[in-house]
Amino acid sequence: MSTNSAQRELEPFDEAWRELDDLVNEIAKLSKSNVPKGEFYAKAIEAVMHGLKAAGAALWICSTAKKAQLAYQVLPPNLWPGDTQSLRPRLIELVLETGRAGILPPRCPPTVDPRAVNPTDYLLIVCPWVVEDEVSGVIEVLASREANAEVQTGYVRYLEAIGELLADHEQTGQLHNFRSRLQERRRFDQLCESLHDSVDLRTTAYTIANEGRQFLGCDRVSVLLKRDARYRLLAISGVDTFHRRARVVGMAEQLCKAVGAMDEPLWHPAPDDTLPPQIETLLSAYVDETHASSLAVLPLKVPPREGDRRADNLVGAMVIERFYGGFDDRQRESTAPLCLHSALALRNARELDDLPLSGVLRKARWLRGNRRPIKIGLVLLGLAAVLVVLIFVPADLQIAARGELQPRRMQDVFARTDGLVTEIQAQHGQHVAADQLLAVLRHPQLDLEFKQVLGELQTSRKRLSSLEAERVQTPRDTDEQRRQVSLLAAQGEELREMIRGLEAQYGILQQKQKDLEVRSPMSGEILTWNIQQLLAARPVDRGQALMTVGDLSGPWQLDLHVPDRQIAHVLAAQRTLGRTLEVSYVLGTAPAVMLRGTVREVAMRTEVPEGDVAYVQVFVDVDRTELPELVPGASVLANIACGRRSLGYVWLHDFVNAVRTALF
């Protein structure tokens, strides 16, 4: 009977321990996982309160300054009476110092240490938890005041078990953090190796952009180089080439220039919008153009070298963009080492790129090694062989020129007087004869003068006829009558003189009227395109070219424009060879057909067109039967054969002339 009674008393106790074991096992599983600290702390406090049937519990952690910091708590309201709330951190700091658990009864006054105080109506239990022999935090529990000594000891053991699990979770988090940092370090080492692997400026810039984008986990990275006071965009991540005149490129360069003058990183959106107006304007325009939700403009600045007195150590700038979301703390922290190594790599590549013949020097790295004398000897031998070939091997010297294919007989039709085009009787491609009417002009002032002179001439002739009739009919008997006849004769002579002047004016005006007729100076075809649109109802000036007439059935020629710096070779070849020079050419209308001609004449003066290179005209006779297409004005690319010279002179004569001109 007594045995069964004892067993019935132990069953609730065993059930409570099994429940506590289940809670501890649940927390143990969470401690091995990578759950966030806040979530794990909440689960641990929940297990403490549920397992101990506590009224409240709190979790404190030890800061770097050995101060107590509240991490999580579940407490009833108005638990700490009056101003006793400030006693809690002091009690926790005492536990952090001693590293021992403690149980304070309700309304416990200070005894040994003034910090060991419990002003509440609950049993206060504090239990530290240790990580690597150092107290890392304290569990604070408000339990029932009716618990006996044995139960209180069980409370402490339970809290110690929870503390061990808290320590396990802390160690798991530290291990995970260490692994993450190690992986981050490996990624950064690989990034640094990639940045400093090449000294080519363009390759380095694209490495910074592409590898930097992957390292930061952003959407786009742009790299700009600073030269003097200007910024030039070198690379954009994920883009092999970009248009230098694109609007967004210019906006990025202007924004980086403004941020570089400020000499501080620019983050958008920023916590405070205290940007200078000029930067805010450029930033708004750039964001509107790129639609970036967040971006950062980071100056690439290298540490000053020893003995370098230059205050400006800016190498360039980096633009980091995200199109969705913002930058997290990891990305912001990772930009500092990335910018430092990017600035160093970019500076080294820029300094090498600024050296003369930097490309040749990079390709000459193979000279280093154990067999350096042999390699240098091979290089010198190769250079000597190339020099011998350039000096002693002959080659054809050909002077390239551009020009047009035109008929030899071709004339422009000019306006012989000012006027307004009223009638056009010619069109493109029409065959016209010499002196054929092509267009008619009208001059209102000339018409008015013509009518005025014609009217005065007719009036004068009628008056002369009246005077002659009156003079014949007037008798001559008296002196008065004879004086009247003489006066009429004088007036008639005056009118005749006036009529002769008016007739002369009339003839001149008739000639001017005839000049209003535009006629062809030769027989041929109209070469001007779209004459109606060009001349219809247009005012023209005297001497203005209206259209062009050419004889397409006659001989044809090339009108080549040889640069004046090259014409000396053509003239020297004419004097040396004493014969006409051969010309090989291709037409723009038939580039696959190689044709030949001969130089007929070289102009004796240089033409200097506005905004173009000065040239000398060279006229080349061609066989019109060989021409695949007779298209007046067809573009021509020709080579004039100017004899044979050394291969080096043929290849380098332009460079030699440029050096001579620069030295002069």
Side-chain angles (χ1 to χ4, degrees), residues 409-428 430-528 531-551:
R409 293 185 67 248
M410 185 174 60
Q411 290 188 13
D412 291 329
V413 181
F414 298 96
R416 292 185 290 179
T417 184
D418 298 341
L420 183 69
V421 179
T422 58
E423 183 179 353
I424 300 175
Q425 299 184 7
Q427 58 183 358
H428 173 71
Q430 177 183 348
H431 182 79
V432 296
D435 202 37
Q436 180 177 336
L437 182 64
L438 303 179
V440 178
L441 307 181
R442 182 176 177 271
H443 197 297
Q445 184 65 30
L446 182 61
D447 293 342
L448 180 60
E449 293 178 0
F450 186 82
K451 291 179 180 180
Q452 289 178 349
V453 171
L454 180 60
E456 291 178 1
L457 181 60
Q458 291 175 352
T459 302
S460 299
R461 285 175 178 174
K462 289 180 181 180
R463 288 184 59 193
L464 180 61
S465 299
S466 300
L467 286 176
E468 287 293 334
E470 185 179 356
R471 186 176 65 83
V472 172
Q473 294 175 3
T474 301
R476 297 175 176 84
D477 297 336
T478 64
D479 292 338
E480 183 63 29
Q481 290 176 343
R482 285 191 291 271
R483 282 195 303 272
Q484 183 67 24
V485 171
S486 298
L487 181 60
L488 292 175
Q491 291 178 353
E493 189 62 29
E494 183 180 355
L495 284 175
R496 290 189 188 94
E497 187 65 27
M498 182 182 297
I499 289 172
R500 283 193 293 270
L502 291 174
E503 287 177 347
Q505 293 183 26
Y506 184 72
I508 294 174
L509 292 176
Q510 280 185 323
Q511 183 61 41
K512 288 186 176 181
Q513 289 281 7
K514 189 175 181 180
D515 289 344
L516 293 175
E517 296 179 353
V518 180
R519 297 183 178 274
S520 174
M522 57 175 287
S523 60
E525 294 186 9
I526 304 296
L527 303 182
T528 304
I531 299 177
Q532 291 290 337
Q533 183 177 358
L534 184 65
L535 298 177
R538 298 289 180 88
V540 296
D541 299 328
R542 182 180 180 182
Q544 179 178 342
L546 304 182
M547 61 190 76
T548 303
V549 180
D551 185 8

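For the numbers below, each heavy atom of this structure counts, side chains included, while hydrogens, waters and symmetry mates do not. Residue numbers count from 1 along this sequence.
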Would you say the side chain of [Y] lies within less than 4.5 Å of the side chain of [X], judging by non-hydrogen atoms?
X      : Y      : answer
Arg416 : Arg542 : no
Gln452 : Gln505 : no
Met547 : Asp412 : no
Gln532 : Ile424 : yes
Val540 : Asp418 : no
Glu525 : Val549 : no
Leu502 : Ser460 : yes
Gln430 : Gln436 : yes

Between the side chains of [Y] and [X], is the shortest nitrogen-to-carboxylate-oxygen separation below 4.0 Å, so that they form an ion pair?
X      : Y      : value
Glu456 : Arg463 : no
Glu493 : Arg496 : yes
Glu497 : Arg500 : yes

**Request:** Measure from the side-chain N and O atoms of Arg519 to the backbone N and O of Asp435, and report whether any donor-acceptor pair falls under 3.5 Å.
**Result:**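 Yes; at least one donor-acceptor contact below 3.5 Å.
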**Item:** His428 side chain to Thr528 backbone, donor-acceptor under 3.5 Å
**Value:**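 Yes, the answer is positive, given that a donor and an acceptor are paired below the 3.5 Å cut-off.
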**Asked** Which atom pair, heavy atoms only, marks the closest approach of Ala433 to Ser520?
**Response**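 Shortest heavy-atom contact: O-CB, 3.5 Å.
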**Item:** Closest non-hydrogen atom pair between Val413 and Pro521, with its separation
**Value:**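 Nearest pair, atom of Val413 first, then Pro521: CG2-CD, 3.6 Å.
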**Request:** Measure the CG-CE distance between Leu527 and Met410 for me, rounded to the nearest 0.5 Å.
**Result:**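 The CG atom of Leu527 sits 7.0 Å away from the CE atom of Met410.
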**Item:** Arg483 CZ to Thr478 OG1 distance, which is reported to the nearest 0.5 Å
**Value:**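 Nearest 0.5 Å value for the CZ-OG1 distance: 7.5 Å.
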**Prompt:** Do Ile526 and Gln427 pass the side-chain contact (heavy atoms from CB on, under 4.5 Å) test, and can you show the C-alpha distance, the side-chain angles, and the key distance before you say yes or no?
**Reply:** CA-CA 7 Å; Ile526 304 296; Gln427 58 183 358; over 6 Å; no
**Request:** Apply side-chain contact (heavy atoms from CB on, under 4.5 Å) to Gln411 and Thr548, showing your working.
**Result:** CA-CA 6 Å; Gln411 290 188 13; Thr548 303; over 6 Å; no
**Asked** Between Leu420, Asp515, Val518, which is the residue that forms a side chain to side chain contact (heavy atoms under 4.5 Å, CB included) with Leu441?
**Response**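 Single side chain to side chain contact (heavy atoms under 4.5 Å, CB included) partner of Leu441 among Leu420, Asp515, Val518: Val518.
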**Message:** Could you check whether atom CD of Glu494 has more than 12 heavy atoms from other residues, nucleotides or ligands sitting under 6.0 Å from it?
**Reply:**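 No.
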